[in-house]
2 protein chains.
Amino acid sequence: MTDPAWLDEEEQETWRAFLWTSRLLNEALDRQLQRDSGLPHAYYMILAMLSESPGRALTMTELAAIVHSSPSRLSHAVNRLEEAGWVRRVKHPDDRRTTIAELTDAGFAVLAEAAPGHVAEVRRHLFDPLSREEMLRFRETLHALLASLDPDREAPCADGKG
Amino acid sequence: MTDPAWLDEEEQETWRAFLWTSRLLNEALDRQLQRDSGLPHAYYMILAMLSESPGRALTMTELAAIVHSSPSRLSHAVNRLEEAGWVRRVKHPDDRRTTIAELTDAGFAVLAEAAPGHVAEVRRHLFDPLSREEMLRFRETLHALLASLDPDREAPCADGKG
DNA sequence: CAGTATCAGTTGAGTGTTCAACCAAACCGA
DNA sequence: TCGGTTTGGTTGAACACTCAACTGATACTG
C-alpha cells in the first residue's frame, strides 16, 4: 500500500511535471501578450470573454465567474482597463447594485490585434507537441480534475479566441 | 484541414480546461499553505528544494534553476525568508561573486510542519480523482509538453516532499 | 413595515512578481 | 596586463493579486 501522507516517485514526478508545465506555459503566454500587446493574460481574458458575450457586455459577477476571478481582482482589473479606454462601466437599469462592464470599440480593436499571436502561441506550446488522440485523453483527465476542484460549476463557454 | 490561426472546439475546450485546472490547483495549494503555515507556495518550494540538497544549501543560481524562478524573484524571496530567519546567505569561499543560500534549523522546522498538510492537499486534488493508469498517461503528456516548452533542461530532482 | 440578512461591487493596505538597470568578480584574448 | 565580455547576483519602481473591511441596494421574515 502507498503511504497516503507521502508521494511515491511517480506521483512526485507527475506533480512536478504538472507544476512546471503550467508555470512555463503561463509565463510564455504572459510574455508573448505583454510583448505584443501590453496586456497581461488575465486582462486579455477579460476582453476576450466580453467580446463573446451578447452586446459585448456582462455584469461584474458574471464576468468574474467566467474568468474565474475574485470580485476584488476583477474590480481592480476593470479599473485599469477602463483607464485604458478598453472597457466601460454602465449601471444596470433594473438593479442598482449591479454594474455592467462593456467592451469598447477600442478594446475590441486591441483584442482583435492580439488574438492571432496569442492563439499561435497556445497552438505552438500546447497542441503542436501532442497528437490528436493524446490531446483528447489529456482533456478527459483535466475534466476529471476539474470536477473535483470545482464541483458545482457550469460548463464554460466556447469559441476559438481563448 | 484545421485553420492554424484558430482553435477548433475540442482544442478550445482542452486549452480552457488546462487553464482552469492549473489556476484552481495553484490557488487551492496557495491558500492551504498560507492558511496553515503562512507560506506562499513559491516560498515553500524554495525551502523544500534547499532541504533536499547536500548541506541544505545551494547557490542562488542553482536554486533559481531548480525552482524555475528568475534571479530577481529568487533574490526578493530569499530576502523575505532571511528576514524570517528561515534561510541564511553565505559567501562562497572560492568565487566571491556567488552567494549560497542555506536552510536554517528554524526553516527546516517550518518546512517539516508544513509538508504533511501540503502533500495531503496535492494528493486530494491531483491523485485521488485519477486512476493510476490515468495518472501515468497524464505524466507522459506533461513530459511531451515540457520537452517543447523547455528543451534544454535537466531532469528535476525527486523525493516525496513536493 | 421594520429589522436583518444577503447580494453586488469597491477600496486600501500589504505582499509578491516583473522588468530594466545596475554592480562587482571572474574570465578571455591580444 | 589591459580592456571587453560574461557570470552571479541585487535593487527599485511599477504593477498585479490577496485579504479584510466596507458601502448601498435588494430580499426575506416576523
Side-chain angles (χ1 to χ4, degrees), chain A residues 22-24 26-47 57-84 86-102, chain B residues 22-24 26-47 57-84 86-102:
Chain A
S22 67
R23 278 254 295 255
L24 289 174
N26 269 297
E27 284 170 9
L29 291 170
D30 245 350
R31 261 198 309 278
Q32 181 268 326
L33 276 172
Q34 195 73 50
R35 174 166 43 74
D36 294 357
S37 325
L39 277 172
H41 189 212
Y43 288 28
Y44 173 90
M45 204 59 98
I46 290 173
L47 299 185
L58 288 170
T59 69
M60 294 298 276
T61 311
E62 291 165 344
L63 186 50
I66 291 179
V67 303
H68 294 240
S69 173
S70 71
S72 168
R73 176 151 109 203
L74 180 61
S75 189
H76 285 299
V78 170
N79 283 344
R80 302 289 176 165
L81 293 172
E82 208 172 11
E83 285 166 23
W86 297 332
V87 165
R88 181 171 36 236
R89 270 188 244 244
V90 183
K91 275 320 222 177
H92 190 293
D94 297 346
D95 186 338
R96 284 184 306 176
R97 288 173 302 183
T98 103
T99 104
I100 297 170
E102 203 179 283
Chain B
S22 67
R23 278 254 294 255
L24 289 173
N26 270 298
E27 284 170 9
L29 292 170
D30 244 351
R31 262 197 308 278
Q32 180 268 325
L33 275 172
Q34 195 73 49
R35 173 166 45 72
D36 295 356
S37 323
L39 277 172
H41 188 213
Y43 289 27
Y44 173 90
M45 203 58 97
I46 290 172
L47 300 185
L58 288 170
T59 69
M60 295 297 277
T61 311
E62 290 165 346
L63 186 49
I66 291 178
V67 302
H68 294 240
S69 173
S70 70
S72 167
R73 175 151 110 205
L74 180 61
S75 189
H76 285 299
V78 169
N79 284 343
R80 302 289 176 168
L81 293 172
E82 207 172 13
E83 285 166 23
W86 297 333
V87 165
R88 184 171 35 235
R89 270 188 242 243
V90 184
K91 274 321 220 178
H92 191 292
D94 296 346
D95 185 337
R96 286 185 305 178
R97 287 171 303 182
T98 104
T99 104
I100 297 170
E102 203 179 282

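Throughout, protein chains are lettered first and strands after them, A, B, ... in sequence-line order, and every chain is numbered starting at 1. Nothing here was measured: the structure is a model prediction, and the numbers come from that model.
- Between the side chain of B/Arg73 and the base of C/dT17, no donor-acceptor pair of N or O atoms lies under 3.5 Å.
- Relative to the side chain of B/Ala42, the nucleotides C/dT17, D/dG24, C/dA26 differ in distance, and C/dT17 lies closest.
- Comparing atom distances between the B/Ser75 side chain and each of D/dC17, D/dT6, D/dT11 picks out D/dT11 as nearest.
- Set against D/dT11, C/dA25, C/dG12, the side chain of B/Arg96 has C/dA25 as its closest nucleotide.
- In this structure, of D/dT18, C/dT10, D/dA16, it is D/dA16 that holds the atom nearest to the side chain of A/Arg80.
- In this structure, of D/dT26, D/dC17, D/dT10, it is D/dC17 that holds the atom nearest to the side chain of A/Tyr43.
- On a pure distance criterion of 3.5 Å, a polar donor-acceptor pair joins the side chain of B/His76 and the base of C/dT18.
- Comparing D/dC19, C/dA26, D/dT10 against the side chain of A/Ser72 picks out D/dC19 as the nearest.
- Protein atom CE of B/Met45 is 12 Å distant from nucleotide atom P of C/dT17, rounded to whole Å.
- Between B/Lys91 atom NZ and C/dC23 atom C1' the separation is 11 Å, expressed in whole Å.
- B/Gln32 CD to B/Glu27 CD: the interatomic distance, rounded to the nearest 0.5 Å, is 14.5 Å.
- In the set D/dT10, D/dT18, C/dA24, the nucleotide with an atom closest to the side chain of B/Arg89 is D/dT10.
- Counting any heavy atom pair closer than 4.0 Å across all strands shown, B/Asp95 reaches sugar-phosphate atoms only and no base atom.
- Looking at heavy-atom distances under 4.0 Å, B/Pro40 makes contact with sugar-phosphate atoms alone, never a base.
- With rounding to whole Å, B/Arg31 atom CZ is found 9 Å from D/dT18 atom P.
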